[in-house]
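Reviewing the structure listed below.
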Amino acid sequence: MSEQQPTLTFEQAMANLEQALKALSQGELPLEEAGEQYKLGLDMASQCQKMLRDAEGEIRILQDGVEKAFQMEE
């Protein structure tokens with residue numbers, strides 16, 4: 001059974017990703033902690049990609065509505 005992750009904003013997920021990358025790039029983490037940071041980074045990157053895809057979809061829906069309304073008025 002998977003644990004439910006708290007819902008993060010895009011900015012929070014990006015900040016977590018940046019922190020994980022910074023910790024990993026310093027190269028001073030013990031192996032186990034480095035693995036945990038890597039997994040966290042992958043999870044945060046995945047969440048950010050999903051949020052961006054969702055936002056893009058919403059924008060396209062809005063644009064389609066505006067374009068259709070504009071075309072009908074011509």
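All values below come from the heavy atoms of this structure, side chains included, with hydrogens, waters and symmetry mates left out. Keep in mind that this is a model prediction, so the values were computed, not measured.
Applying the 6.0 Å contact sphere to CD of E32 captures no more than 12 heavy atoms from other residues, nucleotides or ligands. For L62, the CG atom is densely surrounded, since the number of other residues' heavy atoms within 6.0 Å is greater than 12.
Between the side chain of S25 and the main chain of L21, a donor-acceptor pair closer than 3.5 Å is present.
Q26 contributes atom CD, which lies 10.5 Å from atom CD of Q37 (distance to the nearest 0.5 angstrom). The structure places CG of L24 at 9.0 Å from CD of E33, a figure rounded to the nearest 0.5 Å.
L40 and L17 fall within the same hydrophobic cluster, defined by Ile, Leu, Val, Met, Phe, Trp and Tyr side-chain heavy atoms under 4.5 Å apart, directly or through other members. Under the 4.5 Å side-chain contact rule for hydrophobic residues, M51 and L42 do not share a cluster.
Ionic pairing of E56 and R60 is present here: one or more N-O contacts between side-chain nitrogen and carboxylate oxygen are shorter than 4.0 angstrom. Looking at D43 and K39, no side-chain N of the basic residue comes within less than 4.0 Å of a carboxylate O on the acidic one, giving no salt bridge.
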Side chain to side chain contact (heavy atoms under 4.5 Å, CB included), that's the test. Do R53 and K50 meet it? Break it down for me. CA-CA 5 Å; R53 279 192 308 269; K50 182 185 181 318; 3.8 Å; yes
- Give the intermediate values and the outcome of side chain to side chain contact (heavy atoms under 4.5 Å, CB included) for residues L8 and M44. CA-CA 9 Å; L8 299 174; M44 293 297 107; 3.7 Å; yes
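Inspection of the N16 and Q12 side chains reveals no N or O donor paired with an N or O acceptor under 3.5 Å.
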